[in-house]
Every structure is written in structure tokens, then in C-alpha cells.
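Here's the structure, in C-alpha cells; my notes come after.
Treat the numbers as computed from the prediction; the structure is a model and nothing was measured. Computed over heavy atoms, backbone and side chain alike; hydrogens, waters and symmetry mates excluded. A note on names: the letters A, B, ... follow the listed sequences, proteins ahead of strands, and every chain is numbered from 1.
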There are 2 protein chains.
Amino acid sequence: MATIYEVAELAGVSPATVSRVLNGKTVRPPHERSVKAAIAELGYRPSRRARSLRTKQSEMIALIIPDIENPFFTSLARGAEHVTRKAGYSLVLCNTDDSPENEVQYVETVQAEHMPGAIVAATGSGHSFTPLLDEGRPLVAVDRHIEDPRADAVMADNLAGAIEATEWHVRQGRERIACISGQPSVETARERVRGWREVVDRAGGAPDEYLIWSDYHVLGGDSAMRRLLSLPNPPDAVVVANNLMAIGALTALAQLGVSTFDIGVSVCGTLPYVISAPPGVHTVPLPAREIGERAARLLLGRIDGDTEPARTIVLDSDGADVRSREPR
Amino acid sequence: MATIYEVAELAGVSPATVSRVLNGKTVRPPHERSVKAAIAELGYRPSRRARSLRTKQSEMIALIIPDIENPFFTSLARGAEHVTRKAGYSLVLCNTDDSPENEVQYVETVQAEHMPGAIVAATGSGHSFTPLLDEGRPLVAVDRHIEDPRADAVMADNLAGAIEATEWHVRQGRERIACISGQPSVETARERVRGWREVVDRAGGAPDEYLIWSDYHVLGGDSAMRRLLSLPNPPDAVVVANNLMAIGALTALAQLGVSTFDIGVSVCGTLPYVISAPPGVHTVPLPAREIGERAARLLLGRIDGDTEPARTIVLDSDGADVRSREPR
DNA sequence: GTGAAAGCGCTAACAA
DNA sequence: TTGTTAGCGCTTTCAC
């Protein structure tokens, strides 16, 4: 690959002048022309790493997520990629498999590559990311908060979503509404339980066995649903707290020959590629793509020097702003 | 962030010695100890960009794919990420939306960041990538070939898959087997049509209207299926050439109230998260994740200096090797 | 085995 | 407006 020196020599100017042309500084037109000609002739591309070493900037953003195979994160990634690409940034895909060790490895990568910031869906509390915040790198949490007041966040309105999911059952005339959620260490799992409980309590509450803390995976939804069905007094409706568990739960129903007429299912999240939503199934979409887009825009703003206090952006099912909160 | 000089000073050695410790060269044990202590104390991380500028190497690989939201590419990405992470490399997610302009932009990113190679599912012939091959950067094509003998490739056995998908219908006693494929410019679409035709021709062929060149998207599958059903002499079975079109086709059937008993469906690819495969639906899985893993391993080998002639690795539905071909 | 010094390709002062 | 020069943080000769 050609260097700036070769371009300079071919164009008959100094490397500094080439640099100026590259960076849109004012240069006398004839010089500019010959520099551009030389660039074209040599097929020259400025070296980002050399520039980066000098300017201490980098156009590389980390997207740190637990599972790219979960369609929620896939859509989120798509949204983030779209925005970052348009801004001339590249997205580094960091899949952690929900493992803190992998998170730490990727934190080190962010440091080693001097990435100016990251979009993060953390496993647990997110303390792995403290080093990055300490160094002043902006972080935008997505889907779940990071336990650090310096990080921005973009989230769905999980409470409202769970309330809507549960109220739908009520409107259908269901009276024994259960809930399958994720692990209690996960913020969204807790929030959705809170929404479910709020509605259920208004109608006199639900027995303890109606709440199952599962794991957000397909198999977890499957076994949770089986457990609910085997109860002495089984529910007539279930709120499922995420997309993958919903698939598991619906699979269990299908295999057991139980119709969604007998037991209604309402889902916090979008069912990926449902061939045709069975009757009795309701879905409260999660604006995954919009979360990714908003997070990317927020992060780019921070990188650009926005020093406002950290914000939490909450999006409703349509991806519209619910409210913006000041630092927690 | 601390630099190698600060570490050297704290450890009472020269930067060169610190560098040697970092790179595992032989250094007198006491020195090594004090250097390591200094590194720990300062929380020092070597700057990859500085090292990269000096060594002309980089641990960043581009994954260039048309659509991360297609579960096939999602799984492929997952496999590639897994392998590259273990090898200390990072994956840059390059989503092209099937647009050559975006491909070109990402080719420029690969150059600017001096990435040593890329995994590529190209739009069209893949000529966008010639500059990279000209510079000697190894490329591994996935899913579809690149029209360049210098690029390796890892693919599914699409011909065999389509044959199996079609023969399944034959075994079910179907007699009028149609095919919904992608655009003829796409290699996999052509291969799968070839497989379908091979089986169908053995049984006396199929009318022209039974072959639909659609577009690999959900809506394409939907409208293609509707078109087939409205034929004067509609088929009693359909081979659908990819996962997304299969979803569209099945949705159409469901909406029209046609059962898969009346019209069998056989799919080249994996149906993502099917709640329960309807009877009369058959699936020939595509080893997406394995393709990603193999491609990553192959690419890392090339980066590592493997200069054997370009190979095409073909994997069957289980992800096992079918054969390896010499350059085409 | 270790240190001094040069240089990777770029940008930013500073002079001219 | 332009060129000269120094330096970003590292690795790698080359002496010692």
C-alpha cells in the first residue's frame, strides 16, 4: 500500500500538504488537483492506524452482547451497525455467551484497540466495564442498565410492556394468570415480573407457584410451561417474559396437545418469524432495532464530546421515546 | 493509558526489555518479574495500533455479509466469532444489505484498517473484492463463491441438499413438485434449482410454471406460493430454496387455509425457531455455524502463512466435509 | 541478555 | 498557503 510520502512525491508537494487535502484543510487548488490525481493513480488509502496513533482517535466501536443468535440482539446489532456505518465507524462484534470472562477479554480488546466507546448488554451488574468508564470511554448500556451512574442507557419500557401483556389476558377474561420470567439477577426479568404482579394483584393476586424464574432460553420456557401445566390448579394464561422462552413454551403446548385457547400466552418481545401466530397468543413487541439505533447515536454523540450527565432513554413498543431520565 | 516507557521506567529497564517480556522473548528472570510487577501496577495494556503500525500486522477480521438478520448469517457469524475470539482476533461486522456500494465501503475499511483478511458472502460476482486479493489479503468466500481463483470458499452441499429435499417429496408419493428459488444471479439459487430439476426430470419433468425465481425473502416466498396455488394445475409439493422464503410460503399456506398435507413443503435450510414443524414439512438443514467456523479457521491459516492453492470446502447437512476441491 | 536508536505512516506545531 | 520537523507507542536491528 502506498504511503503519504509516495503521494507527496508524485504530486510534487510535501506530505503535510497531502495530509491537508485528505483532511479538507484549505490548499491551493492546483496543488489539490495534483494531490488527488496522485492519490487516484496510486490507489492510495490513508492508514487509519497511523492516523489513529497520532490523533489518538479511532473509528471502531464495540458491540458487546450476550448472544448474537437471539433475534432481539440480532436486530439491535442491525440497528447499531446501520447508524455506525453511516457515520464512518465500524462495529466490532463481541459475543460474550453471558460469560464474565469473555466480557473481560473484550474489555481488554477495547483498550488495546483504543476504541472510543462501546454499546453494552452486560451479564450481571456490568462491573466488568468499570475500567472503561474509569478511562473516560463512554458506554451505552442497552436492554439492561449497568450499575454505574456514568453509563448512558437505552431500554424498552419493560414495566409497561409486562403490564400490557398481562392486561391483555385480563381483557380476554382470564382469571389465573401465571408468569415465566428470566433469572432474578437480570433487570428486565425483574421489571417484567413487577408489571405482571401489579396487574395480577389488582385482581386478588396469584399463588406463588404461578411465578417461575427461568432463564430466558428456549428450553427454560419449555420446562417452565410443563411445570405450570402439571400444577394441581394450573393457570389459564401465561405471561412469558422473553421471545426465546415463548418459543419453548409454545412448543411445549403443541407437544402436549394443549391449545392456546385453553391456556393463553402473552409475550414480552417479538416472536421471530412466527409462521402464523396461533390464536390466543399475544405479543408486545420490543423495539430492538430502534434500541440499537438510539444507542449508537447516543454513543456517537458522546464520542463527539457531549458531556451532559448520563441519561436513560426509554422506548415504548413502537420505538418512540417515553421519557428521558436524569442520572439515577 | 500507560505506555511502554512508563512501565520501563518503573521496572528500571529499557522499553526494549519490556517489549521482550511482552512478546515472550528470553529475559533474565528478575527483570521479567519487575516488568510484570510494573505492568500490573500501572494496569498497562500494549497499544495494538502502535504495535500494528510497526509490525504491519493486525488482529481484526472483517465479516462481510448481506444480512445479519437472516438467521443463516447470524449462525455463521456466531461460528466465526467463536473461532476468531479464541485466536485473539476481533470480528468486524460488515452488513452490506446486498448493496455493492456498501461492499465497496467495507473493502475500503479493510484497507484503511489494514485488516489481514476477510470472510465474505458477496452480492453478485464478488468483483468488489478484487482490490483486496490484489493486495494479497486472503479472502474466504462463504455460502457463495467469489469469481476469483485466489479466494478460498466454504459452502454447503447445495446440490445434494436440493436433491434430498426433492426426493423426500418423491418418497411421500408426490407427483407434481414445484420449486421456489432465489434470483438466478445467486449461485446457491441456481444450484438448488439444478438439484430439484435433476430429481424431477427423472420422473418426467415439470411444467415451466413450476419453477419460480423469487428473491430469498419472506415476502418473495409468500407471493411465489400464492402464484403456484393459483395455477390451473397446481403442484402437490414445493421445494423452497431458503429459510426466509419457506417462512413466507408457509405463512401463505396458513393464511389461505391450505394444509401441508395437500401441498408438501421441503426446505433447503433450517427453519428458525419453528414452534413445531407442521406435518408435511421437511427440512434439509444448512450447517451455518460450521461454515462460519471452518471459514474462520481457514482464514486464520492463510493469515498465518498457508500458501497452498485456494480450496473449496464443501460441508454436508451435518457440517462434515464432503470433499475439498483444488482451484476451479 | 540488554539498551540505544531508528522507523512504521500519519498529523500538528512551528517557521517560512 | 506550504514545508520542516517532531512524535504518537511500539518493535527491531545493531552494538555492547
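Looking at B/I119 and B/V154, their side chains never come closer than 4.5 Å, going by heavy atoms from C-beta outward.
For A/R51, there are no side-chain hydrogen bond (donor to acceptor under 3.5 Å, both in side chains) partners at least two apart in sequence or on another chain. Partners of A/E81 according to the salt bridge (Lys or Arg N to Asp or Glu O under 4.0 Å) rule, which considers only residues two or more places apart in sequence or in another chain, are A/R78, A/R85. In this structure B/E6 satisfies the salt bridge (Lys or Arg N to Asp or Glu O under 4.0 Å) test with no other residue, sequence neighbours excluded.
Using a 4.0 Å cutoff to heavy atoms of chain A, the contacted part of DNA chain D runs 5' to 3' from D/dT1 to D/dG9. Contact footprint of chain B on DNA chain C: nucleotides with an atom under 4.0 Å from a non-hydrogen protein atom, first to last in 5' to 3' order, C/dG1 to C/dG9.
A side-chain hydrogen bond (donor to acceptor under 3.5 Å, both in side chains) check over residues 25-38 of chain A, counting only residues at least two apart or in different chains, returns the pairs A/E32-A/K36. Residue pairs meeting the salt bridge (charged side-chain N to carboxylate O under 4.0 Å, His left out) criterion with at least one partner in residues 297-307 of chain A, sequence neighbours excluded, are A/D152-A/R302, A/R302-A/D306. Counting only residues at least two apart or on different chains, the salt bridge (charged side-chain N to carboxylate O under 4.0 Å, His left out) pairs with a member in residues 114-136 of chain A are A/D134-A/R150, A/E135-A/R137.
In the helix from C/dG1-D/dC16 to C/dA16-D/dT1, the rotation axis of the first five pairs and that of the last five pairs differ in direction by 40°, rounded to 10 degrees.
Side chain of B/E113 to backbone of B/M60: no donor-acceptor contact under 3.5 angstrom is found.
Looking only at atom types and distance, the side chain of A/S99 has a donor-acceptor partner in the side chain of A/E101 under 3.5 Å away. A/E103 and A/T123 share a side-chain donor-acceptor pair at under 3.5 Å.
Nearest approach of A/F129 to A/A122, heavy atoms of both residues: CE1-CB, 3.7 Å. For the pair A/E293 and A/G79, the tightest heavy-atom approach, listed with the atom from each and the gap, is CG-O, 3.5 Å.
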- [ ] Show your working on side-chain contact (heavy atoms from CB on, under 4.5 Å) between B/T109 and B/M115 and close with a plain yes or no.
- [x] CA-CA 8 Å; B/T109 302; B/M115 301 188 205; 4.0 Å; yes
For residues 64-77 of chain B, which side-chain donor-acceptor pairs fall under 3.5 Å, sequence neighbours excluded?
residue: B/D67; atom: OD1; partner: B/E69; partner atom: N; Å: 2.8
residue: B/E69; atom: OE1; partner: A/S75; partner atom: OG; Å: 3.0
residue: B/E69; atom: OE2; partner: A/R289; partner atom: NH1; Å: 3.4
residue: B/N70; atom: OD1; partner: B/F72; partner atom: N; Å: 2.8
residue: B/N70; atom: OD1; partner: B/N243; partner atom: ND2; Å: 3.0
residue: B/T74; atom: OG1; partner: B/I68; partner atom: O; Å: 2.6
residue: B/T74; atom: OG1; partner: B/N70; partner atom: O; Å: 3.2
residue: B/S75; atom: OG; partner: A/E69; partner atom: OE1; Å: 3.0
residue: B/S75; atom: OG; partner: B/P71; partner atom: O; Å: 3.2

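Here the OG-CZ distance, from B/S47 to B/R54, works out to 14.0 Å after rounding to the nearest 0.5 Å.
The stretch residues 38-61 of chain B touches DNA chain C through B/L53, B/R54, B/K56, each having a heavy atom under 4.0 angstrom from the strand. Listed by residue number, the members of residues 2-22 of chain A with any heavy atom below 4.0 angstrom from DNA chain C are A/T3, A/I4, A/Y5, A/A16, A/S19, A/R20.
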